[in-house]
Protein chains: 2
Amino acid sequence: MDDFQPLLDYINRLVQLDENEEKKLCDLISYRKLLKGQYFLQQGDICKFSGFVVSGCTKTFFVDEDGQEHVVMFAIEDWWTSDMGSYISQKPADFNVQCLENTTLIQISYEDQQELLRQIPKLERFFRLIIERAFVSSQKRIVRNLSMSAKDRYLHFRNVYPKIEQRIPQYLIASYLGITKEFLSKIKSQLILEQ
Amino acid sequence: MDDFQPLLDYINRLVQLDENEEKKLCDLISYRKLLKGQYFLQQGDICKFSGFVVSGCTKTFFVDEDGQEHVVMFAIEDWWTSDMGSYISQKPADFNVQCLENTTLIQISYEDQQELLRQIPKLERFFRLIIERAFVSSQKRIVRNLSMSAKDRYLHFRNVYPKIEQRIPQYLIASYLGITKEFLSKIKSQLILEQ
DNA sequence: AAATGATGTTAATCTAGATTAACATTTACT
DNA sequence: AGTAAATGTTAATCTAGATTAACATCATTT
C-alpha cells in the first residue's frame with residue numbers, strides 16, 4: 001500500500017482524525033510520481049487535483065500575452081500545489097505546475113475532496129485553516145511587492161526560503177521576485193561587495 | 001434590535017442556516033458605527049474583530065519604515081475587512097483599517113467566531129469558501145502586479161471596481177496600484193488623449 | 001467671502017530596474 | 001571526452017515610473 005503518512009502527519013498537526021476518518025481519507029487520495037520537467041497541471045486545462053508534495057519540487061508559472069513566463073510560486077516537501085482559482089471553480093487554469101525535480105505528490109481530486117468534506121467535517125476546518133494561512137502569506141507578499149526594493153525582496157526570500165533558493169536556478173527566483181535574471185545577478189554581486 | 005439581515009443574506013448565499021443557527025449567530029455579532037476618519041483597527045494593535053461592511057467604505061493600509069503609506073485594500077458594502085494575519089494569530093496587526101466615509105459594520109470578535117465555528121459547523125464551510133475566494137483574488141493581484149504595466153493595472157481596477165473608483169481620492173487608488181499620484185495623473189491624461 | 005486644507009495636474013529631472021548583447025560556466029547527453 | 005543546452009555574468013544603453021516643485025481646483029470651516 002502507498003504511504004500517505006506525510007499527509008496524515010500534516011493534517012493531524014491541525015485537526016485530530018480518528019482511525020476511521022484516516023481510512024476514508026486514504027481511500028480517496030492517490031500517489032503520483034512525476035519526472036523532472038513533467039507537468040502536474042497545464043494552463044488552460046481544468047485543475048482536477050490538488051497536490052501535496054511529498055518529495056521533490058514544483059514551480060507554478062504562467063505565460064503572458066507577450067510569451068513571457070512569470071513564476072507565481074514554488075512548492076517543496078509539505079507544501080500544497082494547484083491552481084486554486086481553477087480548482088474551486090473547475091474552470092480553465094491560469095497557471096502551469098511543472099516539476100523542477102523528480103517529484104512525488106499525494107493528490108486529491110476535486111470531486112473526492114467535496115466528498116471528503118461531506119464525510120469528515122474536521123477536514124472542513126483543516127482546509128479553512130490552511131487556506132487562511134495561504135491567504136495571509138499572499139497578502140504579505142503583495143505588501144512586500146508594494147513597499148520593498150528588489151534587493152530587499154531578494155534578501156527576504158533568501159532568509160525565509162533558504163532551502164528553496166539552493167535547489168532552484170537563479171533565473172526562476174528572479175522571475176518569482178518580479179525582476180530579470182540580469183538584475184538579480186547585479187544585486188548578488190553588490191551584496192558580495194558589501195560584506 | 002439591530003438589523004443583521006445584510007450579513008445573513010450574504011451567508012445564506014453560500015450555506016443555509018436554520019432559524020436556530022441564525023439566532024445563535026445574531027447573539028454573538030454586533031453593530032458598529034464609525035465616522036469618516038475613524039479607525040476600525042490600528043497597526044500594532046491586536047485585531048480583535050472581523051468586520052462586514054454594511055454601508056460606507058474603509059481603506060486598509062500600513063506605514064512603512066520610511067513613513068510612507070501603502071494602501072493594501074478597500075472595502076465597501078458586502079465586503080469583509082480586518083487584518084487576517086493578526087486576527088487568526090491574535091498578534092499585533094501590520095495594518096490600519098480606517099473609514100473613508102461614515103461606515104456601519106457588523107463585527108465578530110475572534111473568540112466569538114471560534115465559539116460560532118464550534119456551535120455551527122456550517123460556518124466552518126462558509127468561512128472556508130470566502131477565504132478560498134479571497135486567496136484566489138489575492139493571487140490574481142500578485143499576478144497582475146508581476147505582469148501588467150501601471151496603466152493596465154489601472155484600467156483593470158477601473159473595470160472591476162467602478163463603484164470604488166468613484167468614491168475614493170485618486171491618490172489612494174495610486175497607492176493601491178503601487179504607483180505615485182503624479183504618475184496616475186499622467187496615465188489618466190494619456191488615456192484621455194487616446195480616446 | 002476669505003482662508004485653510006485636501007486633492008489634483010503639469011513638467012523637469014532622476015533612478016531602479018529592463019533590455020540587449022556578448023561571453024563564461026556548468027550540466028547533461030551521445 | 002566532446003558537444004549542445006541550460007544557466008550565470010558583465011556592461012552599455014534605455015525606459016517606466018519616482019521625485020521634486022510649482023501651481024490649480026475644490027471643499028470646509030469661520
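Every chain is numbered from 1 and lettered A, B, ... according to where its sequence line falls, protein lines coming before strand lines.
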Whole-Å distance between [N] [atom2] and [X] [atom1]?
X: B:K186; N: D:dA21; atom1: NZ; atom2: P; answer: 17 Å
X: B:R167; N: C:dA6; atom1: CZ; atom2: P; answer: 22 Å
X: B:E69; N: C:dT7; atom1: CD; atom2: P; answer: 11 Å
X: A:L191; N: D:dG8; atom1: CG; atom2: P; answer: 16 Å
X: A:K181; N: C:dA21; atom1: NZ; atom2: P; answer: 13 Å
X: A:D66; N: D:dA16; atom1: CG; atom2: C1'; answer: 15 Å
X: B:I179; N: C:dG8; atom1: CD1; atom2: P; answer: 13 Å
X: B:I187; N: D:dT15; atom1: CD1; atom2: C1'; answer: 14 Å

Could you check which of [options] has an atom nearest any side-chain atom of [X]?
X: A:Y171; options: D:dG8, D:dG17, C:dA18; answer: D:dG8
X: B:E182; options: C:dA11, D:dT9, C:dT19; answer: C:dA11
X: B:S185; options: D:dT10, D:dG17, C:dT9; answer: C:dT9
X: B:R153; options: D:dG17, D:dT7, C:dG17; answer: D:dG17
X: A:K36; options: D:dT7, C:dA28, D:dA18; answer: C:dA28
X: B:S189; options: C:dG17, D:dG8, C:dT10; answer: C:dT10
X: A:P169; options: D:dG8, C:dG8, C:dG17; answer: D:dG8

Looking at D:dA18, I'd like to know if its phosphate oxygens (OP1 or OP2) sit under 4.0 Å from a side-chain N or O belonging to B:T180.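 For D:dA18, OP1 or OP2 has a side-chain N or O of B:T180 closer than 4.0 Å.
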Let me check something: do A:V143 and B:F135 share a hydrophobic cluster, defined by ILVMFWY side-chain heavy atoms less than 4.5 Å apart, either directly or through other members?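 Cluster IDs for A:V143 and B:F135 differ.
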Are there over 12 heavy-atom neighbours, none belonging to B:E19, within less than 6.0 Å of that residue's CD?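 It does not: B:E19 CD has 12 such atoms or fewer within range.
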Counting only heavy atoms not in B:E65, do more than 12 sit closer than 6.0 Å to its CD atom?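 For B:E65, atom CD is not crowded (no more than 12 foreign heavy atoms under 6.0 Å).
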Answer yes or no: is there a donor N or O on one side and an acceptor on the other, between the side chain of B:N12 and the main chain of B:L8, under 3.5 Å?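 Looks like yes, one N/O pair under 3.5 Å.
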Would A:R141 count as a cation-pi partner of A:Y176, with NZ or CZ less than 6.0 Å from the six-membered ring centre and within 45° of the ring normal?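 Yes, A:R141 and A:Y176 form such a contact.
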